[in-house]
Amino acid sequence: MSDNPYLAHLNKKKGGSSTPAPELLAKEPLFGFLPRRVTSAQVQRALESDVNPFTKAPHTAQYKKILAARKKLPVYAQMEEFYKMFTEHQIIVMVGETGSGKTTQIPQFVCYSDLPHTKGKLIACTQPRRVAAMSVAKRVADEMDVQLGEHVGYSIRFEDMTTPGTTFLKYMTDGMLLREAMNDPLLTRYSTIILDEAHERTLATDILMGLLKTLAKQRSDLKIIIMSATLDAVKFQKYFGIKPKEGVEGEQGIMQPAPLFKVPGRTHPVEVFYTQEPEPDYVEAAIRTVLMIHRAEDEGDVLLFLTGEEEIEDACRKIKLEADDLMNNDPDSVGPLACVPLYSSLPPQQQQRIFDPAPSPRSGGGPPGRKVVVSTNIAETSLTIDGIVYVVDPGFSKQKVYNPRIRVESLLVSPISKASAQQRAGRAGRTRPGKCFRLYTEKDFMSELEEQTHPEILKSNLANTVLELVKLGIKDLVRFDYVDAPAPETLMRALELLNYLAALDDDGNLTPLGAMMAEFPLDPQLAKMLIVSPEFKCSNEILTVVAMLSVPNVWVRPPSMRKEADAAKAELTIPNGDHLTMLNVYNMYMQNKYDKNWAWQHYLSARALAQAENVRAQLERTMERFEIELVSSQDMRTFYDNVRKALCCGFFMQVAHREGEKNNYLTVKDNQVVGLHPSCGLDNQPEWVLFNEFVLTTRPYIRTVTDVRPEWLLEYAPTYFDLSTFTDGETKRALQRVINKRAGKSEVRVGSNGDNREKKKRKKN
DNA sequence: GAGCACTGC
C-alpha cells in the first residue's frame, strides 16, 4: 500500500466506515478518507475541524468566516451529488452559472477526494486569462487557509507561483497546460484536470479537450471535469460521451453522453427589450437609448457595448455633450452623467475609472448622477463592473476572420451570437434586477443570430497550433478528434508553411529544427529566424526584433499630437526597414533606461517596451536551453544586412514585389495587390520588401516592412523561390533577371561575351 | 495617409 497515513490506519483497523474517535479526527481531519470514495459528510466534518488537514496548523478566525460564506454558495448545497458523480465517472461536464461558486469550490472538492498531497499529484484548473488564474488562486488559498504559492498556487507565463512537492492545487492558463503537455503528453503529474470556462472555446482549451479525450482512454486514473455555460453543455456531453461496449466485436455500442452536473447561479432577473424595427445606424441608436435611460429610468449605471476604440471615444464625446444639455435644460429631473470609455489598449490607470462611483447629485436632493461605461467586448468576459443595472446592446462586435487562401487574419464588425447577447444581458443583473435594451428586433434575434460565437480554432491561422499538435505526437491532423474541426484548407496551409520552414519533412514528420521551434512561444516564422540567426552573427538583434514583434504596438499617437508623434518617430526610423527601426527603438530605450520620461517624450509606450524586455528575457532563457549562441556582428558595414538576411530565413513567404508605380505591390505567389501601410518608415519604395503582416482595412496593406534583396531570397529559400513554381508575370520575370545576372557575372569571370558587359553597364546607370 | 475586438505561450 502507499505511505498514505490515513490509509495505513485504515488497513490496521480493517474497514473504515465506522465513525472514528473525535480525538483522532481533531488531529487528523482526513482520517478514514478513501481516495475518490469520500462522502460529503466526511468532507463537511473536515471543513469544520479546528485543524487544517493539509498543514496541520490550527485554522484561523478568517478561515471560519470565509467558510460561513462558502456554505451559502449554490454549489455547496450539492456537494453530495457532486461526490457521487465524481466517484462514479471519469469525465463530468459541469454547468454553473455566474455566482454558483464553481471555479473556487469544485477544485477544492476534488482535493478532498483525490487527496493529491498523499500521492505527489496535482489538480489543475485552467482559465483562459492570466488575471483570472491569479485572482482565483489567491481567493482559494485564503479559503483553504494556506499561503498562496504553497499548497495552492498558480502558473502563468512569466510567473510560476507554485512550490514543487507542496502545491497540489494549481490554477493555470490553458496555454500553460498545453505547453506542459508538449513535454509530458500523458500529463502524469495530474490526478484531475478541470477545464474552466470551456464555453469560451479558446484555441488552447479546444486542443486540450481533444487531448484529454484520448488521454482518458490511456489513463484510467485521470479524472476530467469540463466546466461551461449552459448553452454549450450538451455539445460537450456528446463529445465526451462513451460507447459502453466499445471494442467488442459485433456489439453496436449506444453513445452514452457524459454526465451533467448542474448548479444554479445567483443572479438577478434581467428584463430584455427589443426595438420594433431594425436600426439603420447602431451608434446613433445606442446614444439615443443611453440618453433615454438617463432621462426616464431609475438610478443605476449603464453599460453600452460598441466595437472599437474610435467608435467608443466618439460616442463618449457625443453622450457627454447631449447629457450636459439635458441637465442644463431640466436640472430638476435630469442628474449629472459621467461617460467612461473602456478598451484593452487603454492604460490600466484609465481602465480603473470604470470602478469610480457615479457622480453625486448637483444639489442636495437633486436627481441622482449616473455612470455610463462604453466598452468593447472586454466587459463581456474579462472585466465585470458591479452596479450595472442597464445594458445597451447594439448586437455587434469586431471578430477575427481568417482567410486561408490568402493567409490573412482580419477584423470585421459582425453580428454577435445569441450566447454573447445573453452574456451581455447578464451584466445588468449582478447586483439587482436590471434591464437590457437590444437594438435589434426580437425576430432578428431569433432567426438571424448564430447560437454560439465561432470557436477560435475556426477563425485562426493554425500554423502554431499544427506545430504544437505534431510535437504532441498527433500523427493525423485531419482526423484528430476536434470538438469543431477546422477547415481542411486551413490545416493544409499550416502544414505547407511548416514544411517550407523545414519544421516538418515531406512526410509531415517533425524535424529536429521543428522540435526546437515548438519550444518557443512564438509563431513558426519568428522561431525559425531566431534559431538560424547565429549563422548571420545577429542573434542578439533578431532576439530583440522577435520580442518587439511579440508585443503590442509601441508607437503612441494621440489625436491632438499627431505631428509631434510622427516627428519623434522619424528620428528613430532606420530608412531600410521597420524591423530595423524596432531594433533601434529597443536599443535606445535600453540606453535611456535611467530616464523615466524617455519613452513618453518619444511618443512610445513604456508598457509595451517593458513587455518586450520581459519577452526577450524569456526567449533568451529558451535559447540558452538549446545552446543557441547570442552573438552580434562588430562590423558596422554588415550589421543591418545580417539582420535583414536572417529575416528572410523566416519570412520568405511574406514578400512582395513592386509593380507599376505608386505604392503598388504584388505578394509573391499569392499575387495579392497590396500597398505599404502609411505607418511604414521606408524612405523610398524598394522593389522587394518583406512584411510581418497583411492587414485588410480601407484597402489591403502590408505592415512592418523591410527592404530585402532578391539574391537573399533565392539563396536562403531556394525551394520556395524555385521559378518553376511561379505563375508567369512581372515577379517571375524580375527574379529571372536576377538569376540571369548572377549567372552572367560568373560567366564574365571566365571571359564572356558583350551581352553581360552591356548588362553591367546598364546597371551602373 | 491609417488604426488596435480579445486572449494566450
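This is a predicted model, so every value here is computed, not measured. By convention in this document, chain letters (A, B, ...) are assigned in the order of the sequence lines, proteins followed by strands, and residues within each chain are numbered from 1.
As rounded to whole Å, 16 Å separates atom P of B:dC4 from atom CH2 of A:Trp555. Rounded to an integer number of Å, the gap from CG of A:Leu208 to P of B:dC9 is 12 Å. For the pair A:Leu411 CG and B:dG3 C1', the interatomic distance rounds to 11 Å; values are reported in whole Å. One atom, CG of A:Leu304, and another, P of B:dA5, lie 15 Å apart when rounded to the nearest Å. Distance, A:Glu456 CD to B:dC9 C1': 12 Å, rounded to whole Å. Look at CG on A:Leu522: it is 13 Å from P on B:dC9, rounded to the nearest Å. Taking atom CG on A:Leu526 and atom C1' on B:dC9, their separation rounds to 13 Å, with Å as the unit. One can place CG of A:Asp523 at 16 Å from P of B:dG8, the figure rounded to the nearest angstrom.
For A:Arg557, whose side chain is taken as the heavy atoms from C-beta onward, the closest listed nucleotide among B:dC4, B:dG3, B:dG8 is B:dG3. The side chain of A:His677 sits closest to B:dA2 out of B:dC9, B:dA2, B:dA5. Residue A:Ile378 has its side chain nearest to B:dT7 when only B:dC4, B:dC9, B:dT7 are considered. Side-chain proximity of A:Asn464 to B:dG8, B:dG1, B:dA5: nearest is B:dG8. Residue A:Ser345 places its side chain closer to B:dC4 than to any other of B:dC9, B:dC4, B:dA5. Nearest nucleotide to the side chain of A:Tyr701, out of B:dC9, B:dG1, B:dA5: B:dG1. Closest to the side chain of A:Met176, out of B:dA5, B:dC9, B:dG1, is B:dC9. Listed candidates were B:dG1, B:dG8, B:dG3. Nearest to the side chain of A:Glu310 is B:dG3. Between B:dC4, B:dC9, B:dA2, one nucleotide has an atom nearer to the side chain of A:Glu309 than all others, and that is B:dC4.
By the 4.0 Å N-to-carboxylate-O rule, A:Glu451 lies close enough to A:Lys418 to be salt-bridged with it. A salt bridge is defined here as a Lys NZ or Arg NE, NH1 or NH2 lying under 4.0 Å from an Asp or Glu carboxylate O, and A:Arg616 with A:Glu620 meets this definition.
Dashed line: the shortest gap from a side-chain N or O of A:Ser679 to OP1 or OP2 of B:dG3 is not under 4.0 Å. The phosphate of B:dC6 has OP1 or OP2 within less than 4.0 Å of a side-chain N or O from A:Thr376. The phosphate of B:dC6 has OP1 or OP2 within less than 4.0 Å of a side-chain N or O from A:Ser344.
When each of A:Leu342 and A:Glu468 is assigned the nucleotide of DNA chain B with its nearest heavy atom, A:Leu342 is the one assigned upstream, toward the 5' end.
Between the side chains of A:Tyr171 and A:Asp196, not a single donor N or O lies within less than 3.5 Å of an accepting N or O. A:Ser420 and A:Ser417 are not linked by any side-chain donor-acceptor pair at a separation below 3.5 angstrom, with hydrogens and angles left out of the test. No side-chain N or O of A:Arg201 forms a donor-acceptor pair with one of A:Gln452 less than 3.5 Å apart.
If you check every strand for non-hydrogen atoms under 4.0 Å, A:Asn377 touches nothing. Within 4.0 Å of A:Arg562, counting heavy atoms only, lies at least one base atom of the nucleic acid. Note on A:Tyr343: only backbone sugar-phosphate atoms sit closer than 4.0 angstrom, heavy atoms only; bases stay farther off. As judged by a 4.0 angstrom heavy-atom cut-off over every strand, A:Ser397 is placed among residues making no nucleic acid contact. Residue A:Leu178 is out of contact with every strand shown, counting any heavy-atom pair closer than 4.0 Å.
Between A:Tyr282 and A:Phe396, the distance separating the two ring centers is shorter than 6.0 angstrom.
The main-chain N or O of A:Leu412 is never found under 3.5 Å from a side-chain atom of A:Gln399 such that the two would form a donor-acceptor pair.
Residues of residues 125-133 of chain A having a heavy atom closer than 4.0 Å to DNA chain B, listed by number: A:Pro128, A:Arg129, A:Arg130.
Using a 30° and 60° split on the angle between ring planes, A:Phe691 and A:Phe694 fall in the perpendicular class, above 60°. Between A:Phe445 and A:Tyr440, the ring-plane angle classifies as parallel under the 30° and 60° cut-offs.
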